[in-house]
Amino acid sequence: MWSIRQLKQEYAMARMTAARAAVEILKREGVRDAFGVPGAAINPFYAALKASGGIQHTLARHVEGASHMAEGYTRTRPGNIGVCVGTSGPAGTDMITGLYSATGDSIPILCITGQAPTAVIHKEDFQAVDIAAIARPVTKMAVTVLEAAQVPGVFQQAFHLMRSGRPGPVLIDLPIDVQLTEIEFDPDTYEPLPVYKPAATRAQIEKAFGLLNASERPLIVAGGGIINADASELLVEFAELTGVPVVPTLMGWGVLPDDHELNAGMVGLQTSHRYGNATFLESDFVLGIGNRWANRHTGKLDVYTAGRKFVHVDIEPTQIGRIFAPDYGITSDAKAALELFVAVARELKSEGALPSRAEWAAAAQDRKARLQRRTHFDDIPIKPQRVYEEMNKAFGPETRYVSAIGLSQIAGAQMLHVYRPRHWINCGQAGPLGWTVPAALGVAKADPEASVVALSGDYDFQFMIEELAVGAQHKIPYVHVLVNNSYLGLIRQAQRAFDIDFQVNLEFENINSPELGVYGVDHVKVAEGLGCRALRVTDPGELGAAFDHALKLAAEHRVPVVVEAILERVTNISMSTTNDISKVEEFEEVATEPGHAPTSIKALKV
């Protein structure tokens with residue numbers, strides 16, 4: 001029998017600062033890593049982080065960089081939630097781009113900021129800003145906690161919201177006096193809140209199947225929601241049961257391997273394949289799962305929708321009909337929907353009630369063999385297409401690619417190959433320049449044994465180049481392929497419509513590196529100055545050896561390794577100039593003989 005004194009001791013509430021309670025909740029919600037920059041107003045939280053242990057912190061060089069590291073970390077493994085920490089004022093405003101990028105792609109990250117004392121927030125105190133109001137449009141919740149006793153509940157609610165429904169980011173702002181206040185909190189009895197995800201019904205799936213089975217040339221558009229739901233294997237099984245070809249979106253790329261016989265290629269104005277667009281335009285039915293009909297995917301809606309019926313499955317009810325009205329909409333988590341789609345498909349197949357799609361699927365693969373872009377060029381300066389060809393040779397199917405925006409990302413999506421989910425990690429909706437370096441560090445931190453390869457143009461690379469030092473300091477290795485044409489290439493190409501080439505030219509003669517000619521910034525010296533290794537390649541025949549050497553250097557030194565390819569100054573990459581997926585302009589010659597595209601998924605059929 002326990003004495004009253006023993007019972008009181010056993011069940012006495014633990015007292016700790018609110019900051020310590022927040023850290024204990026992070027650990028019990030599965031957080032093992034955080035990224036950030038300390039400051040005066042967040043120091044109590046950092047003190048609790050140090051005292052508690054169990055969470056490894058990576059010190060960023062810029063708080064925006066820390067937010068993108070958190071994004072990369074989340075995007076790498078199912079269940080991950082990246083955490084970004086910063087002080088009051090500008091640290092919070094620096095996080096806004098990361099929060100916007102995360103909310104646009106349905107990525108849960110938790111941003112924690114310090115704040116001025118509650119009594120002076122409204123008095124324009126040093127670095128006091130209403131960061132919750134600023135962040136609210138780009139988060140699922142943004143709150144300044146004014147009562148210390150509310151801290152556990154706010155953090156509990158934050159994780160519930162980030163995981164429930166359409167995933168997304170949360171910002172919690174903690175005034176310094178709130179962090180320091182002692183509260184009663186028992187971490188040993190803390191439990192996360194149940195996660196809510198809507199689920200399709202059997203009747204809804206059967207109705208969708210009715211529309212699917214009535215079609216002759218159906219496609220599945222597989223979006224990032226499938227990857228977020230960790231449902232890629234179910235998608236592949238469903239496609240194989242029904243024989244329906246799959247069009248991955250940019251955010252869904254990797255949901256099934258590029259060399260799968262039902263992978264029809266990507267569709268869109270820019271990050272698309274010739275064969276993908278051609279197959280889509282021949283279709284008469286589209287089942288979209290976990291996608292948002294992004295404008296760079298659809299282009300003109302009259303062209304995209306003409307002659308085909310649509311069923312749209314999405315976890316967010318307000319996404320149904322947001323871009324155009326589908327013939328039928330289902331609000332459901334992608335995994336829950338696909339579990340039912342697979343179950344119904346199995347039943348129909350056993351009854352012989354599934355129509356054969358073999359001829360249609362074969363036609364899609366025939367286009368894949370015939371409609372290819374040329375990648376093999378021996379020109380000096382290097383043509384960018386050759387860089388992606390050599391990347392295909394050097395980096396295997398286990399490679400996790402990371403890219404942000406620009407001609408490098410567009411050409412990479414047209415010419416690289418991805419074989420697994422979460423192996424093309426890209427900020428699809430926001431596309432902030434500078435995202436790639438910190439995001440790649442977050443990816444490599446989340447999967448230390450992975451082969452992580454980032455891809456940037458020179459301007460994206462320069463935006464947050466200081467974060468390379470984070471990789472050097474914390475021993476986070478990865479390979480960064482830098483394609484340098486000393487231009488804002490995508491903007492230059494877009495300016496053709498205005499007959500200008502204005503304020504997009506980055507060229508200058510560097511007095512400290514005259515060997516660069518007009519290519520300006522000496523990225524090799526900068527990378528080395530930040531503690532990394534770097535190589536420069538000017539001959540396309542040397543790219544393969546450089547990539548192999550970079551992988552070895554990264555493994556040996558455990559730091560980022562940059563491979564800079566000096567490109568021709570002007571290359572126009574395939575895209576539509578009329579917002580029409582049926583009219584994508586091929587600025588370069590297409591493949592007309594097998595040697596033109598030696599790393600294509602299918603051998604060229606002439």
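Heads up: numbering here begins at 1 and tracks the sequence.
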Mind telling me whether [Y] and [X] have parallel, tilted or perpendicular rings, with 30° and 60° as the class edges?
X	Y	result
H297	F280	perpendicular
Y275	H273	parallel
W253	W424	tilted

*asked:* Does this structure show an ion pair linking R373 with E589, if we count only N-O contacts that are shorter than 4.0 Å?
replied: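 No, this pair does not count.
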
*May I ask you to decide whether D501 forms a salt bridge with R496, counting only side-chain N to carboxylate O separations under 4.0 Å?*
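Salt bridge flag = no for R496 with D501.
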
*salt bridge (Lys or Arg N to Asp or Glu O under 4.0 Å) with R386: which residues, sequence neighbours excluded?*
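Salt bridge (Lys or Arg N to Asp or Glu O under 4.0 Å) check on R386 returns D378, E389, E390.
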
Over 12 non-hydrogen atoms of neighbours within 6.0 angstrom of [atom1] in [X]:
X	atom1	value
Y478	OH	yes
Q495	CD	yes
K525	NZ	yes

*Please say whether the positively charged group of K383, taken as NZ for Lys or CZ for Arg, lies over the ring of F377, i.e. under 6.0 angstrom from the six-membered ring centre and within 45 degrees of the axis.*
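Yes, a cation-pi geometry holds between K383 and F377.
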
*4.5 Å side-chain heavy-atom contact, V521 and N484*: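 No, too far: nothing below the 4.5 Å cut-off.
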
_Test item: N263 and K368 side chains (from C-beta on) under 4.5 Å apart, heavy atoms_ =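 The answer is yes, as the side chains (C-beta and beyond) meet within the 4.5 Å cut-off.
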
*Pairs meeting criterion salt bridge (Lys or Arg N to Asp or Glu O under 4.0 Å) with involvement of residues 55-80, two or more places apart*: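 Found E71-R75, R75-D105, R77-D447.
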
*asked:* Looking at every non-hydrogen atom in both residues, tell me the closest pair between V236 and V255 and how far apart they are.
replied: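 Shortest heavy-atom separation between V236 and V255 comes out as CG2-O, 3.6 Å.
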
*Would E507 and R569 count as a salt bridge (charged side-chain N to carboxylate O under 4.0 Å, His left out) if you check the C-alpha gap in whole Å, the side-chain angles of each, and the deciding distance to 0.1 Å?*
CA-CA 9 Å; E507 75 171 45; R569 295 296 315 288; 2.4 Å; yes

